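As the structure is a computational prediction, the values presented were derived from the model and not from experiment. By convention in this document, chain letters (A, B, ...) are assigned in the order of the sequence lines, proteins followed by strands, and residues within each chain are numbered from 1.
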2 protein chains.
Amino acid sequence: MGAPVNPGRVTSVDVARHVGVSQSTVSRTFSNDSTVAPETRRKVLQAAIELGYTPNAIARSLSMQQTLIVGIMVAHSSSPFQPYAMEKLIQGLQRIGRQALVFTPGPDQEFDDVLPIVLQYQVDALIVTAATLSSERLSDFERKGTPVILFNRYTPGEATSAVCCDNIEGGRMVANLLLDAGHKRLAYIAGNQDSSTNRDRMKGFTDRLWERGAIKPLVEQAGYTYEEGYAAARRLLARDDPPDAIFCAGDIIALGALDQARDAGVKVPQELSVIGFDDIPMASWSAYSLTTVREPIDEMIDLTMQLLVERLENPDTEPVIKLLPGTLVRRRTARLPGS
Amino acid sequence: MGAPVNPGRVTSVDVARHVGVSQSTVSRTFSNDSTVAPETRRKVLQAAIELGYTPNAIARSLSMQQTLIVGIMVAHSSSPFQPYAMEKLIQGLQRIGRQALVFTPGPDQEFDDVLPIVLQYQVDALIVTAATLSSERLSDFERKGTPVILFNRYTPGEATSAVCCDNIEGGRMVANLLLDAGHKRLAYIAGNQDSSTNRDRMKGFTDRLWERGAIKPLVEQAGYTYEEGYAAARRLLARDDPPDAIFCAGDIIALGALDQARDAGVKVPQELSVIGFDDIPMASWSAYSLTTVREPIDEMIDLTMQLLVERLENPDTEPVIKLLPGTLVRRRTARLPGS
DNA sequence: ATAGGCTATGCATAAGTATGCAATAGTGTT
DNA sequence: AACACTATTGCATACTTATGCATAGCCTAT
């Protein structure tokens, strides 16, 4: 190639020449697991420090046919849950010796537009936390043998693994709590309609209400933002028959609803119970003290890493969908049973 | 190499063979800017689709000596500002055709432990938003010709570029606002002590107070978390001579301070003004309506990308430190001048 | 008709590392 | 002393794409 050789670039060949061994030996020294004489290893490492040599992960990736890079697709989201989960995911990947190449479609970008680039970078696997995605594109990955894991969402019947909180059961828990506390006029503020998360929380909630003979809850549409929660709660509270309890599809919506209640002079929890879902850090702040369902985020991360490693080590592993139970966290925005 | 050839892997050679041209022609077709006959290009693209070919970015990186990957080091931080900035940075990178390899040191990990891995991946540049870092390690990057840009922090006198809000001027603006409103007993709640951000905000604040002849403010130490802000405000309000205005090193601290004031029955802004810094999304929520200094985040991102591109295109560009002015956002937690 | 010039393509090689196989040296056995 | 082994090391090549240089057409002008 005619490109000028970067004189500052130190390669394994330079180290080899400096020590008087072959490039193979340098490579084996840095691969650790090979058979290199202790004395040779010492000399190689010594020379590497002197020359300022660092192994080239790109070249290794090309040669080994694996990059140790995992792609993460995060949706744009105003909920703090996404970045929170992302940080944990990245740290989880580092723990299993992988790096995170992160993609977030911009406001004017489609999820599908970004996927080809992810493919080009030969990621060993892909973790998707984006709410909406057309699964057609994802089959490109499976065809290539690249495992895809959905995080905090799932699509039943697809050939992709998923790790998710048991949102249906979570919704049922909330229904039980509210009915036990004697609430009669219930409402649900929905998040993005096309997310499985929102669907399941609502389904568990309404199913359980039905089973226990309660009337159908009011439903208001929102998205996972504070502002939409605020606005949706306003619509609910302005009704002639306002609800006495609101279950929100996410904490961030619930915080908006709480502020709406406060601004409207509605006392929480005496006149209105508000329950969220996720248990984001803000939920525990004293200004809110939100009763909510906690997602078992650490367990979800650990399980995701486990599935990842399994599928990387044994590509024939079948995709699985794992649901982990959430925990009801009783704080001060919901009436207690018997009060 | 003895490793079994992955039969599912489609390379430019396969496409070339299928069309009956050379591998070079396929490469040139996907490089776009070269001279390939329209008819040939069409056939190549057609074959690529049929065979499911995607250019291999890893191989391209090796050959071209540039990866189009930019590393981002984010510190663990409980402030929502960090993930917010990170999302914008990633999108900014995508806009200029780069990918983001993100590193966040875990709780038990040092910043310096992660840097060698970043180096191995041959990132074209590195953006650092971590609060604390030993700049010795960063010289490895400069030696290798890899530009480093500090985001939202800077170290004067180092050979690294930086893009930062003008925190000193911001602190001065807050001092002026509080003095103009007639406040007498001022306090500052500090963030992490070793961050330039915290230092400068405090310096601007106290300098301006001094210039205008006000007495020295009380200073409480905290970190960039809600809980520490809450606790620090408690210590301040429990004094015999509690302050009538608190300037907090960051919004998240200010929100904690506000909740402390509310819990302690101190009326805001009648008895106490609270001012933050950053203008995170939560600052505008009706529960808080925090008066604060807005960081010009979009401009900061754009400028960062511009510096990046400049230094990548012309490696001899000198490192620069850019300070962008913040804007005072008056909401409802600070007394207005003349009231 | 032939030289000159332009376009489109192919050839050969470089980027840096990993690894199967062969080769070498050194140790112990009989 | 010859043979069998083991522990190290080197050689050669593969991974996939980019690109300088050479070449084959083909058109224009003289």
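In this structure, of D/dT8, D/dA12, C/dA8, it is C/dA8 that holds the atom nearest to the side chain of B/Thr35. Side chain of A/Ser22, nearest nucleotide from D/dG10, D/dT9, D/dC15: D/dG10. Here the side chain of B/Gln23 is nearest to one of D/dT16, C/dG16, D/dT19, namely D/dT19.
Separating the CG atom of A/Leu62 from the P atom of D/dT16 is a distance of 7 Å, rounded to the nearest angstrom. Put simply, CG on A/Asn32 is 13 Å from P on C/dT19, counting in whole angstrom units. Atom CZ of B/Arg41 is separated from atom P of C/dT9 by 10 Å (rounded to the nearest Å). Protein atom CD of A/Gln122 is 11 Å distant from nucleotide atom C1' of D/dT17, rounded to whole Å. Rounding to whole angstrom units, OH of residue A/Tyr121 and P of D/dC15 are separated by 22 Å. Following rounding to the nearest Å, A/Phe30 (CZ) and C/dT19 (P) show an atom-to-atom distance of 16 Å. Atom P of nucleotide C/dA8 and atom CZ of B/Arg42 are separated by 16 Å, given to the nearest angstrom. When rounded to the nearest whole Å, the span between CD of A/Gln120 and P of D/dT16 equals 15 Å.
Counting atom types as modelled, A/Ser24 pairs no side-chain N or O with a base atom of C/dT17 as donor and acceptor under 3.5 Å. Judged by distance alone with a 3.5 Å cut-off, no donor-acceptor contact links the side chain of A/Ser27 to the base of C/dT17.
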Atom pairs and distances, donor-acceptor, side-chain atoms in residues 295-314 of chain A, under 3.5 Å, two or more places apart:
residue  : atom : partner  : partner atom : Å
A/Glu295 : OE2  : A/Arg201 : NH2          : 2.8
A/Asp298 : OD1  : A/Lys88  : NZ           : 3.0
A/Thr304 : OG1  : A/Met300 : O            : 2.6
A/Asn314 : OD1  : A/Asp316 : N            : 3.2

Side chains of residues 48-56 of chain B: which donor-acceptor pairs under 3.5 Å do they make with residues two or more places apart or in other chains?
residue : atom : partner : partner atom : Å
B/Glu50 : OE2  : B/Gln46 : NE2          : 2.9
B/Asn56 : OD1  : B/Ile58 : N            : 2.8
B/Asn56 : OD1  : B/Ala59 : N            : 3.0

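With hydrogens and angles disregarded, no donor-acceptor distance shorter than 3.5 Å links the side chain of B/Thr40 to the backbone of B/Val36. A donor-acceptor distance shorter than 3.5 angstrom exists from the side chain of A/Ser161 to the backbone of A/Val320, with no hydrogens or angles considered.
For A/Arg95, there are no side chain to side chain donor-acceptor pair (under 3.5 Å) partners at least two apart in sequence or on another chain. Applying the side chain to side chain donor-acceptor pair (under 3.5 Å) rule to A/Glu318 yields no partners; only residues at least two apart in sequence or on another chain are considered.
Summary of helix geometry: the two end axes of the helix from C/dA1-D/dT30 to C/dT30-D/dA1, each defined by five base pairs via their C1' atoms, are inclined to each other by 50° (rounded to 10°).
The closest side-chain heavy-atom distance from B/Asn152 to B/Phe81 is below 4.5 Å.
Looking only at atom types and distance, the side chain of A/Arg60 has no donor-acceptor partner in the side chain of A/Gln66 under 3.5 Å away. Between the side chains of A/Thr129 and A/Gln82, at least one donor N or O lies within less than 3.5 Å of an accepting N or O.
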For nucleotides 21-23 of chain C, which of its nitrogen or oxygen atoms have a protein nitrogen or oxygen under 3.5 Å away, and what is each distance?
none

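Residues B/Ala59 and B/Thr40 each lie close to DNA chain C; by heavy-atom proximity, the contact nearer the 5' end of the strand is made by B/Thr40.
Across all strands, A/Val26 comes closer than 4.0 Å to no nucleic acid atom at all (heavy-atom distances).
A/Ser63 has no side-chain polar atom (N or O) that falls below the 4.0 Å cut-off from OP1 or OP2 of C/dG16. In this model, the phosphate group of C/dT17 is approached by a side-chain N or O of A/Ser12 to a distance below 4.0 Å at OP1 or OP2. Side-chain N/O atoms of B/Tyr53 include none lying less than 4.0 angstrom from OP1 or OP2 on D/dT16.
In terms of heavy atoms, A/Arg17 sits closest to A/Asp14 at NH2-OD1, 3.0 Å.
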